[in-house]
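Written out below as structure tokens is the structure these notes cover.
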Amino acid sequence: MQHALNRQVLMEAQSSQAYLAMGSWSEIQPGLKGVTQFFFKHSDEERMHMLKLLHYINERGGFGVIPPLEQPILTFVSLKKAFEELLKHELKVSESINDLVDMALKEKDYATLNFLQWYVNEQMEEERLARECNDKLEMIGDDKSGLYLFDRDILTLDAT
Ligand code: OFO
């Protein structure tokens, strides 16, 4: 279980890096101030998810391992593509959390099972948000005023 939780530490750290890269990319695009804040905020949240796991592993008598990270995707052909990547990424994370829940159940590790519930709920929220952003961008298409409103309102969509 410890090994699997440490793999999740890596996944959360990589999520944080991926959103950091999205933030850096959007920061140099014209008119994406809100989106940029959104990506940076999400990167911070993923780091918090990683730390939460790390502390849990250590508190339970294990050793939280700080992993080496791969370079994430740095540039995107459009904002829509960036958000598609984000949704894909969140679905992968959800799958990985579900696998952990499965393992905790099989190993009758009820403390970890209980701990993971927070991540299950968090992933539901993150998937909802990612889908909502993708749906909106699909609707907006190339409409500049739609994109303007998306950028203005994106932080209000994010209730986490
Ligand atoms: Fe850690 O929740 Fe997204 O990836």
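Order of appearance sets the numbers: ligands from 1, and atoms from 1 within every ligand.
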Subject >> Among the N, O or S atoms of E46, the one nearest atom 1 (Fe) of ligand 1 >> reply: OE1
Original post:
In H49, the N, O or S atom nearest to atom 1 (Fe) of ligand 1 is which?
Top reply: ND1
Original post:
So, is E90 placed with an N/O/S atom under 2.8 Å from atom 3 (Fe) of ligand 1, counting both backbone and side chain?
Top reply: yes
Original post:
Has E12 got an N/O/S atom less than 2.8 Å from atom 3 (Fe) of ligand 1?
Top reply: no
Original post:
Do the charged groups of K81 and E85 touch, with an N to O distance under 4.0 Å?
Top reply: no
Original post:
So, are K106 and D102 salt-bridged, with charged N and O less than 4.0 Å apart?
Top reply: yes
Original post:
Any nitrogen or oxygen of Q123, main chain or side chain, under 3.5 Å from a nitrogen or oxygen of ligand 1?
Top reply: yes
Original post:
Which ligand 1 atoms are under 4.0 Å away from a heavy-atom of S15?
Top reply: 4 (O)
Original post:
Of all the atoms in ligand 1, which lie at a distance below 4.0 Å from a heavy atom belonging to V93?
Top reply: 4 (O)
**OP:** State, with a plain yes or no, whether a side-chain heavy atom of Y119 is found less than 4.5 Å away from one of E12.
**Re:** yes
Original post:
Do E127 and Q123 have side-chain N/O donor and acceptor atoms under 3.5 Å apart?
Top reply: no
Subject >> Whether F38 and F83 hold their rings parallel, tilted or perpendicular, with breakpoints at 30° and 60° >> reply: tilted
Subject >> Heavy-atom neighbours of K136 NZ exceed 12 at 6.0 Å >> reply: no
**OP:** Among the N/O/S atoms of E126, select the one at the shortest distance from atom 3 (Fe) of ligand 1 and name it.
**Re:** OE1
